[in-house]
Amino acid sequence: GSEIRFLDAATLTARSYKTPVGATVLKFDGGKLYAVGRYLFVIDPETGSITGKVNLNNVPTYGIAVIGNTVYCASGSYFFVVDVSNPADPKILSFTRPQLVTHPYARIFGVGVITGGRLAVSLTNGGLGVLDVIDPMKPRLIWNAFGAGNSRDLVVVGNDIYSTDNFVGAMQARVYV
């Protein structure tokens, strides 16, 4: 197994909780903590206890975004959409491989929420992209800026997307919604 570690920054006290499998990415939203690896865990941040989990088909996950009761998990070639309206019993709504027109070997790593039902995605072998998730069952790539290298993470500030690329350096894109 693995563990998730918590640090109370005010008192500098730490605690950890065992998980059955590793988690690589954390996201806090709406009073819930989400951890993903090969599973999506819903965690009570006060107690550190796992309140719910769902197996993401044993596929490693690298990015996560939350819109309301829907969690979007990026796992390289695949994209999971999970309903967490019942945190004790999360359900996979869709498990898709969005058409990535940028490059046949492009992989989704970072995910960030824009507005209007859109997500920014960082793509290895493909730069930046924007997914339309208005219909969560059918996420689709609607825009991309092909990059020369590997974009692993991103930050969304308003309608601006910031990312790094190991060949080009920092990239910025503005999305108009």
Side-chain angles (χ1 to χ4, degrees), residues 4-10 22-43 45 56 59-84 90 93-94 96-103 105-136 138-177:
I4 296 173
R5 296 184 185 107
F6 298 86
L7 173 67
D8 181 330
T24 56
V25 181
L26 294 170
K27 178 77 174 180
F28 182 79
D29 191 275
K32 297 181 202 97
L33 181 65
Y34 301 98
V36 291
R38 293 177 186 269
Y39 282 74
L40 168 68
F41 296 100
V42 182
I43 300 167
L56 298 175
V59 176
T61 304
Y62 309 106
I64 183 172
V66 181
I67 300 175
N69 285 320
T70 307
V71 176
Y72 300 89
C73 303
S75 62
S77 299
Y78 298 98
F79 199 71
F80 292 89
V81 181
V82 182
D83 177 4
V84 292
L93 296 176
S94 69
T96 61
R97 185 175 185 163
Q99 180 61 42
L100 301 174
V101 298
T102 58
H103 190 283
Y105 300 109
R107 303 290 180 257
I108 302 172
F109 275 81
V111 184
V113 176
I114 308 175
T115 57
R118 294 180 176 173
L119 297 175
V121 292
S122 61
L123 305 168
T124 63
N125 297 316
L128 296 174
V130 175
L131 289 176
D132 179 328
V133 292
I134 289 174
D135 179 355
K138 296 178 183 174
R140 61 188 181 90
L141 187 71
I142 58 172
W143 177 87
N144 71 286
F146 185 74
N150 295 315
S151 177
R152 292 283 181 153
D153 200 9
L154 58 82
V155 174
V156 177
V157 180
N159 284 336
D160 292 325
I161 306 166
Y162 298 90
S163 180
T164 57
D165 183 301
N166 63 338
F167 294 119
V168 177
M171 295 188 290
Q172 177 185 2
R174 175 162 286 161
V175 177
Y176 297 95
V177 291

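Worth saying up front: this structure is predicted, and the values here are computed from it rather than measured. Just so you know, these numbers use all the heavy atoms, side chains as well, and skip hydrogens, waters and symmetry mates. Heads up: numbering here begins at 1 and tracks the sequence.
Closest heavy-atom contact between Phe28 and Pro45: CE1-CG, 3.7 Å. Here the closest non-hydrogen pair linking Ser122 and Leu128 is CA-CD2, 4.4 Å. Of all heavy-atom pairs spanning Val156 and Ala120, the tightest one is CG2-CB, 3.8 Å. When all heavy atoms of Gly110 and Leu154 are compared, the pair lying nearest together is O-CD2, 4.0 Å. Scanning both residues, Val59 and Ser75, for their nearest heavy atoms gives CG1-OG, 3.4 Å.
For the atom pair CD1 (Ile134) and CD1 (Ile142), the distance works out to 8.0 Å, reported to the nearest 0.5 Å. The CG atom of Leu33 sits 11.5 Å away from atom CZ of Phe41, with the distance rounded to the nearest 0.5 Å. With rounding to the nearest 0.5 angstrom, the CD1 atom of Ile43 is 12.5 Å from the NZ atom of Lys32.
Listed by chain and number, the residues in a side-chain contact (heavy atoms from CB on, under 4.5 Å) with Ala74 are Phe79, Ile108, Val111 (sequence neighbours excluded). For Ser94, the side-chain contact (heavy atoms from CB on, under 4.5 Å) partners two or more places apart in sequence, or in a different chain, are Val81, Thr96, Met137, Pro139. Val113 meets the side-chain contact (heavy atoms from CB on, under 4.5 Å) test with Ala65, Ile67, Leu119; sequence neighbours excluded. Under the ring pair (Phe, Tyr, Trp, His ring centres under 6.0 Å) criterion, Tyr34 pairs with no residue, sequence neighbours left out. Among residues two or more places apart in sequence or in another chain, the salt bridge (Lys or Arg N to Asp or Glu O under 4.0 Å) test is passed with Asp132 by Arg140.
Looking at Val36 and Phe80, their side chains never come closer than 4.5 Å, going by heavy atoms from C-beta outward. Contact annotation: the side chain of Pro136 approaches that of Tyr72 to within less than 4.5 Å [non-hydrogen atoms, C-beta and beyond]. Here the side chains of Val42 and Pro90 are in contact, with some heavy-atom distance below 4.5 Å. Side-chain contact between Val130 and Ile161 is present, with at least one heavy-atom pair separated by less than 4.5 Å.
Under a 3.5 Å cut-off, the side chain of Thr61 and the backbone N or O of Gly37 do form a donor-acceptor pair.
A side-chain contact (heavy atoms from CB on, under 4.5 Å) with Val84 is found for exactly one of Leu40, Thr70, Asp29, namely Leu40.
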(request) Report the C-alpha distance between Leu56 and Cys73 in whole Å, list the side-chain angles of each, state the deciding distance to 0.1 Å, and finish with yes or no for side-chain contact (heavy atoms from CB on, under 4.5 Å). (result) CA-CA 9 Å; Leu56 298 175; Cys73 303; 4.2 Å; yes
